[in-house]
Amino acid sequence: MTVYRSVVLACAPFVIAASIAQDQGGRSTDAKVTPLLTRALPDVRGKEAVMLTVEYPPGGSSPAHRHDASTFVYMLEGSVVMQVAGGKEVTLQPGDTFYESPTDIHTVSRNASKTQPAKFLVFFVKKEGAPASAPLDK
């Protein structure tokens, strides 16, 4: 592995975290994003896996966005309301899962509680080096 590629892979989780924690205007959201792992997938050319946690304070949320990735969510603590365009709003409890395709628009992502924090694990499969979160086109 070249030094350049090593640096890119080492920095990727932080770039992803910053893009998820900002809305399309570059303003911070209520989400605290903690990168956990980024790894190239040698059996799936040009793809990588990314794992991170997202935490919302009581009443916290993120603006509508999209992930150019297959996105798998596993609820750890609290409860979160999620919805993709054209889908039903669902409330996730610890142990629940949620999926977004690379073409989905994530219209709702918010803490269901005004008094308790919420935390979930996110696992992305995406193009190597590409951002995992993207603003909505205006």
Side-chain angles (χ1 to χ4, degrees):
M1 181 180 310
T2 66
V3 172
Y4 172 77
R5 183 173 170 164
S6 297
V7 170
V8 168
L9 290 176
C11 294
F14 302 102
V15 172
I16 292 163
S19 68
I20 292 170
Q22 292 184 349
D23 69 11
Q24 59 264 30
R27 299 173 298 265
S28 292
T29 70
D30 294 330
K32 176 187 172 195
V33 179
T34 303
L36 301 174
L37 174 75
T38 299
R39 290 286 185 265
L41 299 174
D43 294 339
V44 186
R45 186 176 180 182
K47 297 286 185 173
E48 66 185 0
V50 175
M51 290 178 67
L52 51 87
T53 58
V54 177
E55 296 176 67
Y56 286 136
S61 66
S62 293
H65 57 278
R66 57 177 291 160
H67 301 286
D68 292 328
S70 292
T71 304
F72 303 85
V73 172
Y74 180 79
M75 197 67 203
L76 298 170
E77 302 169 11
S79 60
V80 171
V81 178
M82 298 272 190
Q83 181 179 23
V84 294
K88 292 183 180 180
E89 199 172 87
V90 296
T91 301
L92 304 177
Q93 304 293 331
D96 288 343
T97 60
F98 187 77
Y99 173 77
E100 296 174 56
S101 79
T103 58
D104 282 334
I105 296 174
H106 195 167
T107 55
V108 177
S109 182
R110 72 172 182 271
N111 189 334
S113 173
K114 300 287 186 198
T115 61
Q116 299 295 315
K119 182 177 182 178
F120 52 95
L121 176 73
V122 181
F123 178 80
F124 296 109
V125 176
K126 63 177 198 59
K127 283 185 183 177
E128 204 167 5
S133 184
L136 295 179
D137 294 333
K138 293 184 177 184

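With hydrophobic clusters built from ILVMFWY side chains whose heavy atoms lie under 4.5 angstrom apart, Val125 shares a cluster with Val44. There is a path of hydrophobic side-chain contacts, each under 4.5 Å, that joins Phe72 to Leu76.
For Lys126 against Ala132, the heavy-atom pair with the smallest separation is CD-CB, 3.7 Å.
When each of Glu77, Glu55, Met82 is checked for a side-chain contact (heavy atoms from CB on, under 4.5 Å) with Phe120, only Met82 meets the rule.
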Apply side-chain contact (heavy atoms from CB on, under 4.5 Å) to Val80 and Met75, showing your working.
CA-CA 8 Å; Val80 171; Met75 197 67 203; 3.3 Å; yes
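Contact of the Leu121 side chain with the Met51 side chain is registered, since non-hydrogen atoms from C-beta on lie closer than 4.5 Å. Put simply, the side chain of Leu52 reaches to within 4.5 Å of the side chain of Val54, judged on heavy atoms. The side-chain heavy atoms of Lys47 and Lys127, taken from C-beta on, include a pair separated by under 4.5 Å. Residues Lys114 and Pro58 fail the side-chain proximity criterion, which asks for heavy atoms closer than 4.5 Å. The shortest side-chain heavy-atom distance between Asp30 and Asn111 does not fall under the 4.5 Å cut-off.
A distance of 5.5 Å separates OG in Ser109 from NE2 in His65, rounded to the nearest 0.5 Å. Here NE2 of His67 is found 9.5 Å from CG of Asp104. Values are rounded to the nearest 0.5 Å. Atoms CD and OG1, on Gln83 and Thr91 in that order, are 10.5 Å from each other to the nearest 0.5 Å. With values rounded to the nearest 0.5 angstrom, Arg110 atom CZ is found 10.0 Å from Ser79 atom OG. From Glu128, atom CD reaches atom CD of Glu48 across 5.5 Å, with rounding to the nearest 0.5 Å. We find the CG-CZ distance between Leu36 and Phe123 to be 11.5 Å, quoted to the nearest 0.5 Å.
Tyr56 and Ser113 share no donor-acceptor pair across their side chains, judged by distance under 3.5 Å alone.
Proximity of a side-chain donor or acceptor of Arg66 to a complementary backbone N or O of Pro102 within less than 3.5 Å is detected.
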